[in-house]
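Just the heavy atoms: all of them, side chains too, but no hydrogens, waters or symmetry mates, feed the values below.
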Protein chains: 2
Amino acid sequence: MNEPQQTKPDYERELRRAGIRITRPRRVILDILSEADSHPDAMEIFQRASVIDKSISLSTVYRTMKLLEGMGAIHRHAFEGGPARFEQASGEHHDHLIDLDTGDVIEFHSNRIEELQDEIARELGYEIVHHRLELYGRRKGGRKKK
Amino acid sequence: MNEPQQTKPDYERELRRAGIRITRPRRVILDILSEADSHPDAMEIFQRASVIDKSISLSTVYRTMKLLEGMGAIHRHAFEGGPARFEQASGEHHDHLIDLDTGDVIEFHSNRIEELQDEIARELGYEIVHHRLELYGRRKGGRKKK
DNA sequence: ATGCAACTGCAAATCGTTTGCAAAAGAGCG
DNA sequence: CGCTCTTTTGCAAACGATTTGCAGTTGCAT
Ligand SMILES: [Mn+2]
Ligand SMILES: [Mn+2]
Ligand SMILES: [Zn+2]
Ligand SMILES: [Zn+2]
């Protein structure tokens, strides 16, 4: 028992295998991403990285995000309004519900919806490469301010 | 028989009622939107408008789009990559399938998916205000170049 | 017609993201 | 370890889409 959960995949190994160098900035950013519970944007990642290594630049954050995205190590989301937000790709596929009042991002998954999407695409003669399902809503009932 | 289809709603009346002035640029842009079959972006609308009235500015296109969006007269889409694209809000709700090769946008609707979305949100204690479902895919089988 | 707030075009500003470039630092090798 | 060959970096400037300040114009209710 006690196998490692799907958290914190060994990116370093994966990067090396792809002939990509493991640099200090990348290590720092990778760490931040594995810790991250939420869906941070580039600026947030940059700020957290700065705490660890003052010299890391925002450009490098962006470059690293693009690199990781290309490798399929992270997913990039473009929620309404704001800047792009990222998350590790390690877990299972899921979609998002965004709380319009707080900005909270809640993850969910529906096999039924995924199936229906495939079915719809198939009927239209298409094969889905990827999709994006975002629900924007507010807490029902309670006026729970925070 | 022969009632008007749901196309070309009377925006002018609606605008006037909201105390908003009907100006030449707005009339031109409104016309373009009602004609539009696809999902044009601001630049496309601007260019089509320019043909009709050389003096219309891109700023005014943007300002008008924002105004119409605020009134609920149009929907703004932010498909992957490109700039915002617009469409009249007059028709029935639908979602989009984007052809990754051609950029074509295909509309579809699934009551079942809509229901499931509501159900999921409800279970999470939320009420959906709006949502966004985009499928990105490629034509299956045929290598139909164009 | 008159008057004034709403609207416009223009240029400049903003925001998030990307890029060119010269300096700095990984990695394989001896 | 040092050497060399690349890759990667920080910085500042460029970018594309969209927004904004401002001074002049226009719609439209008197
Ligand atoms: Mn997520
Ligand atoms: Mn549509
Ligand atoms: Zn999904
Ligand atoms: Zn829908």
- Item | side chain to side chain donor-acceptor pair (under 3.5 Å) against A:H96, all qualifying residues, sequence neighbours excluded | A:H39, A:E87, A:H94
- Task: Identify, residue by residue, the members of residues 45-57 of chain B with a heavy atom below 4.0 Å from DNA chain C, and return them in order of residue number, or none.
- Result: B:S55, B:I56, B:S57
- B:R21: what forms a salt bridge (charged side-chain N to carboxylate O under 4.0 Å, His left out) with it, not counting sequence neighbours? none
- Partner set under side chain to side chain donor-acceptor pair (under 3.5 Å) for A:T60, not counting sequence neighbours: A:S57
- For the pair made of CZ in B:R85 and P in D:dA17, what is the distance, rounded to whole Å? 13 Å
- Residues that B:D118 engages under side chain to side chain donor-acceptor pair (under 3.5 Å), provided they are two or more places apart: none
- Could you state the CE-P distance from A:M65 to C:dT17, rounded to the nearest angstrom? 11 Å
- Where the side chain of A:T60 is defined as all heavy atoms beyond and including C-beta, which of D:dT18, D:dT9, C:dT17 is the nearest nucleotide? D:dT9
- The side-chain contact (heavy atoms from CB on, under 4.5 Å) partners of A:S38 (sequence neighbours excluded) come to A:P40, A:R48
- For B:E69, what residues pass the side chain to side chain donor-acceptor pair (under 3.5 Å) criterion, not counting sequence neighbours? B:R76
- Query: How does DNA chain C look in dot-bracket form if you count Watson-Crick and G-U pairs under 3.5 Å, write [ ] for pairs that cross, and put | where a base pairs with another strand?
  - Reply: ||||||||||||.|||.|||||||||||||
- Message: For residues 103-113 of chain A, which residue pairs pass the salt bridge (Lys or Arg N to Asp or Glu O under 4.0 Å) check, not counting sequence neighbours?
- Response: A:R112-A:E115
- Message: Restricting to side-chain contact (heavy atoms from CB on, under 4.5 Å), what partner residues turn up for B:Y62, sequence neighbours left out?
- Response: B:A42, B:L58
- Check the pair B:D41, B:F79 against side-chain contact (heavy atoms from CB on, under 4.5 Å), reporting the backbone distance first and the verdict last. CA-CA 11 Å; B:D41 61 34; B:F79 300 136; over 6 Å; no
- Item | Distance, rounded to the nearest Å, where B:L67 contributes CG and D:dT19 contributes C1' | 15 Å
- Message: Please list all pairs meeting ring-ring contact (aromatic ring centres under 6.0 Å, His included) that have one or both residues in residues 13-32 of chain B, counting only residues at least two apart or in different chains.
- Response: none
- Message: Can you build the contact string for nucleotides 18-30 of chain C? Use B for base contact, S for sugar-phosphate-only contact, and - for no protein heavy atom under 4.0 Å.
- Response: BBB----BBS---
